[in-house]
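Here the structure comes first, spelled out in structure tokens, and everything after it is commentary.
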Amino acid sequence: MAQREYLGQTVFDNSINRLRELYREGHRLVVSFSGGKDSGIILELCIIAATLENRLPVDAVMRDEEIMIPETYEYCERVYNRPEVNMKWLIAKQPVINCFDRENPYFWVFDDNCPEKWVRQPPSFATYINEQSIFHMTIPERFPPAEGKDLYAVIGIRTQESKGRFYGLRSMKGHISKPREFGVRNVWPIYDWSDGDVWKAIAENKWDYNKAYDVLNRLGVPKNRLRIAPPTQSPAGADTLGIAANAYPMWFDKVSTRLNGVRAVAKFGKKAVSPIRKLGETWQETYHRECIEQAPKWIAERAIEARDSILATHKRHSAVPFPDVVPCYTCFGSMGSWKKMTEALYLGDPFAMKFIHLKVVEPEFFREGAGKWGGKPSF
């Protein structure tokens, strides 16, 4: 891994300078806002940079997911009402992953089929859109840049959170991406910030933020594991979901009524959505039992496809049987073992995040007439 380069400046000042340069050049910047701490930070930094360059108000865009930890959308509404912010509050009614339901891993935001079960009501000022892919949030039609200038999506990605993000930054060769769909560029102004930098900036500047972080922290979630995201997106959110159930019981009752599997996960944790290897059983045997024989049809089909593809790849470079536990990194990196395959395919991996050679599962597959993603799916 590359060594750090120390520039003799604070990450705060560097981030402001990165944003000021883009504002000064006349480009249009749109903050991708989620209600989390990182997107809150980049919003505040953009406000400072735009003030210094006389470019207020700051453009921002968010997509309503209906179900988030309480106090998230209260914070989002406070941001929406700030005079220095021009926010587009979008509702796409798109499917969101409920990884706790193996039979049907999607639920639809503000589903017209069950309005009586909505966890909350959408705000009256929201804008409804038809596009389901998250990359349609920041587009020239919604935020037209000045003639001859570029449109930038300002994203709160920090490389401290994963090696994948670090390698992504290295592949971009800087904090600004090449033009992607619609000619929009991504900019990562806080890529070099740590968790400590984030909370220090919030405290010292007395910035508003999502108070759900305080609640989760008081109930035992350490600061370096505080995440605000759709609670059913990943099994990793099981522990936080259980804590949120204790902190917000009325909210949890609504969520568990709305979505299958949520109550079991809050009670039993990740074990409720994890494969179980029986005594004396190999992981290969577990894979075929849990992911094929006893799995919903859509998961079984994906598990068979993944198995055949991975085993064929392994045979091309090795005469040794495909490993049961210790991965063959030549094949599919950390997914190159029966154990890792079982853990990943048990829930079907509908967004193809672990097995990128699989196709994503389109909304149309689970609900006729729901259409297709029209791009890379995401929450």
Side-chain angles (χ1 to χ4, degrees), residues 1-22 29-50 58 60-63 65 68-69 72 75-76 79 134-135 137-138 152-178 180 184-205 207-214 216-217 221-231 233-234 236-237 240 353 376 378-379:
M1 181 174 291
Q3 294 183 345
R4 291 178 178 270
E5 182 179 355
Y6 294 94
L7 304 177
Q9 296 176 307
T10 67
V11 293
F12 186 97
D13 290 337
N14 282 337
S15 298
I16 296 292
N17 291 336
R18 291 165 190 150
L19 294 167
R20 287 190 68 180
E21 181 178 0
L22 294 175
L29 279 62
V30 181
V31 174
S32 298
F33 192 76
S34 67
K37 63 183 185 300
D38 294 334
S39 65
I41 285 289
I42 61 173
L43 179 76
E44 299 291 354
L45 294 174
C46 280
I47 290 173
I48 293 174
V58 168
V61 64
M62 65 162 287
R63 190 174 66 173
E65 312 292 338
M68 292 282 273
I69 300 295
T72 299
Y75 168 53
C76 292
V79 170
I134 197 169
F135 294 108
M137 290 172 58
T138 302
Y152 287 86
V154 189
I155 301 175
I157 285 181
R158 295 184 293 114
T159 57
Q160 181 198 41
E161 295 189 327
S162 74
K163 287 184 179 180
R165 292 181 173 186
F166 174 81
Y167 294 136
L169 180 80
R170 299 289 292 184
S171 68
M172 292 193 323
K173 299 181 179 180
H175 64 285
I176 298 176
S177 74
K178 295 180 180 179
R180 54 175 177 78
V184 180
R185 294 174 179 265
N186 291 339
V187 55
W188 300 1
I190 61 169
Y191 72 87
D192 48 358
W193 286 46
S194 67
D195 287 329
D197 294 326
V198 169
W199 292 114
K200 180 180 180 182
I202 291 173
E204 291 189 351
N205 293 283
W207 286 335
D208 189 14
Y209 65 97
N210 188 340
K211 299 305 188 291
Y213 286 113
D214 295 338
L216 296 176
N217 185 238
V221 181
K223 285 189 175 182
N224 62 350
R225 289 180 52 201
L226 288 171
R227 300 288 185 272
I228 298 295
Q233 180 77 15
S234 165
T240 300
M353 291 185 287
K376 183 179 178 182
S378 183
F379 65 91

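This one's a predicted model, so the numbers in the text were calculated from it and none came from an experiment.
Closest non-hydrogen pair, Arg18 versus Pro189, comes out as NH1-O, 2.7 Å. Between Arg180 and Thr138, the shortest heavy-atom contact is NH2-O, 4.5 Å. Between Ile41 and Ala201 the shortest heavy-atom distance is CD1-CB, 4.1 Å. Of all the heavy atoms in Pro230 and Glu65, the pair that sits closest is CG-CG, 4.4 Å. Nearest heavy atoms, Met137 versus Arg63: CE-N, 3.8 Å. Nearest heavy atoms, Ser32 versus Ile42: O-CD1, 4.4 Å.
A donor-acceptor pair is defined here as one N or O able to donate and one able to accept, closer than 3.5 Å; no such pair exists between the side chain of Asn217 and the backbone of Tyr213. A donor-acceptor distance shorter than 3.5 angstrom exists from the side chain of Asn210 to the backbone of Ala212, with no hydrogens or angles considered.
Shown here are the side-chain contact (heavy atoms from CB on, under 4.5 Å) partners of Val11, two or more places apart in sequence or in another chain: Asp192, Trp193, Asp197. With sequence neighbours excluded, the residues satisfying side-chain contact (heavy atoms from CB on, under 4.5 Å) with Pro231 are Ile67, Leu241, Trp251. Listed by chain and residue number, Val31, Leu43, Val85, Met87 satisfy the side-chain contact (heavy atoms from CB on, under 4.5 Å) test with Ala60 (two or more places apart in sequence, or in another chain). Residues passing the ring pair (Phe, Tyr, Trp, His ring centres under 6.0 Å) test with Phe12, sequence neighbours excluded: none. The side-chain contact (heavy atoms from CB on, under 4.5 Å) check on Ser34 picks up Ser39, with sequence neighbours excluded. Here Asp208 pairs with Arg78, Lys211 under the salt bridge (Lys or Arg N to Asp or Glu O under 4.0 Å) rule; sequence neighbours left out.
For the pair Glu44 and Asn205, the minimum side-chain heavy-atom distance is 4.5 Å or more. Between Met62 and Val79, every side-chain heavy-atom pair lies at or beyond the 4.5 Å cut-off. No side-chain heavy atom of Val198 sits less than 4.5 Å from a side-chain heavy atom of Tyr209. In this structure the side chain of Val30 never reaches within 4.5 angstrom of the side chain of Tyr152, judged on heavy atoms. Looking only at side-chain heavy atoms (C-beta outward), Ile176 and Asn186 stay at 4.5 Å or farther from each other.
A distance of 4.5 Å separates CD1 in Ile157 from CH2 in Trp188, rounded to the nearest 0.5 Å. Between the CD1 atom in Ile16 and the CD1 atom in Ile48 there is a gap of 4.0 Å [rounded to 0.5 Å].
For Phe33 and Tyr75, the gap between ring centers is short of 6.0 Å.
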